[in-house]
Protein chains: 2
Amino acid sequence: MEVVKNSTNHPGVDEIYLRTREKMPHVSLGTVYRNLEQLSEQGYVQKLEIGNEPKRFDPNPAPHNHFKCSSCGAVEDLPFVSIKRLQSEFSESLRGHRIEGYQLTIYGLCSRCTAEQGFNGVSNDTSVQDEGKEGG
Amino acid sequence: MEVVKNSTNHPGVDEIYLRTREKMPHVSLGTVYRNLEQLSEQGYVQKLEIGNEPKRFDPNPAPHNHFKCSSCGAVEDLPFVSIKRLQSEFSESLRGHRIEGYQLTIYGLCSRCTAEQGFNGVSNDTSVQDEGKEGG
DNA sequence: ATAGATGCAAAGTCTTTGCATTATA
DNA sequence: TATAATGCAAAGACTTTGCATCTAT
């Protein structure tokens, strides 16, 4: 089972199921769910919950962040940001709280989709919307 | 319908359904889902997708972040962080990407639960785990 | 033989949808 | 009357679970 997750990017259960069946043609969905759950509990893989999409699994169990392309759907890894830094960002709001972790997903177009859609060649440092705009 | 969301914190569909029924005893779940969907599309409320929990709705439609208490389940609001700042954090990884938005949820114990559980009186600036530890 | 893993399908949770009915302009 | 919203229940997507069977010790 573990080989399946080590071989791909951020597959969903359905993809893992199909890939597993290529090697074990009569494996069942239930088994895939059960094993994936177990593997993530044991820290071999990381369960990803992005929006309300079906779960994905990340072969990298270390905490890190993600970028989700809203065009092609690809999920990329982003580095982990120090919780201390995060906390200083929200120090007023989080006074008295005990922070255990966080989940950050940035949405947008990946570099390939950005290029394809040809937004006047904008790139990372000019394409950012002004904050407070894109939520409404 | 809108009064329901303005009256509470971050209710789930089930809670909104129950509250609505107090005033409109024969409203149906389907109607609640339909109207909530519509209200969030129109920007009156904000749809919240935290982990793989059932959807919640936030009366505040402006983009902002959230803190989820892993003990009592409460969801608190956190201020919005400039996308520009976020981006500078990940400038290397996001080169060429077009950023549209992000979703950040911090997990932990809210101040009430922290106090109740009495973790040696730790507070916001000493309770943080060292980064890279809490994920496994 | 025993303990655990698996296949299969049923069940569960949350959400969406079809359609006749009801309310509103 | 025409248009849109609603109730109700069925259906849908994703996930979990029960149980008999199979595997490995």
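Here the structure is a predicted model, which is why all the values come from computation and not from measurement. Only heavy atoms go into these numbers, but all of them, side chains included; no hydrogens, no water, no symmetry mates. Chain letters run A, B, ... following the sequence lines, proteins first, then strands; residues in each count from 1.
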Using atom CZ of B:Arg21 as one end and atom C1' of D:dT6 as the other, report the distance to the nearest whole Å.
12 Å
Return whichever of B:Arg34 or B:Lys55 has its heavy-atom-nearest nucleotide of DNA chain C closer to the 5' end.
B:Lys55
Select from B:Val13 and A:Ser28 the residue whose nearest nucleotide in DNA chain C is closer to the 5' end of that strand.
A:Ser28
Less than 4.0 angstrom between a side-chain N/O of B:Asn52 and OP1 or OP2 of C:dT13, yes or no?
no
Output yes when a side-chain donor or acceptor of A:Tyr102 lies under 3.5 Å from a complementary backbone atom of A:Val81, and no otherwise.
yes
If I take atom CE in residue B:Met24 and atom C1' in nucleotide D:dC8, what distance separates them, rounded to the nearest angstrom?
15 Å
B:Tyr17 OH to C:dT13 C1', in whole Å, measures 15 Å
At less than 4.0 Å, is any side-chain N or O atom of A:Tyr33 found next to OP1 or OP2 of D:dT15? Yes or no.
yes
Expressed in angstrom and rounded to an integer, what is the separation of B:Glu53 atom CD from C:dC14 atom C1'?
13 Å
Mark yes or no for whether A:Glu49, through its side chain, and B:Asn52, through its backbone, hold a donor-acceptor pair below 3.5 Å.
yes
Check for a donor-acceptor pair, side chain of B:Thr114 on one end and backbone N or O of B:Leu109 on the other, with a separation under 3.5 Å.
yes
Rounded to whole Å, CD of B:Gln38 lies from P of D:dA4 at a distance of 11 Å
Rounded to whole Å, how long is the line connecting atom CG of B:Leu29 with atom P of C:dC14?
11 Å
A:Thr31 side chain N/O closer than 4.0 Å to the phosphate oxygens (OP1, OP2) of C:dT6?
no
Among B:Leu29, B:Asn35, B:Val32, the one residue meeting side chain to side chain contact (heavy atoms under 4.5 Å, CB included) with B:Ile16:
B:Val32
Whole Å only: how far is the CG atom of B:Asn35 from the C1' atom of D:dT6?
9 Å
Find the distance A:His26:NE2 to D:dT23:P and express it as a whole number of Å.
8 Å
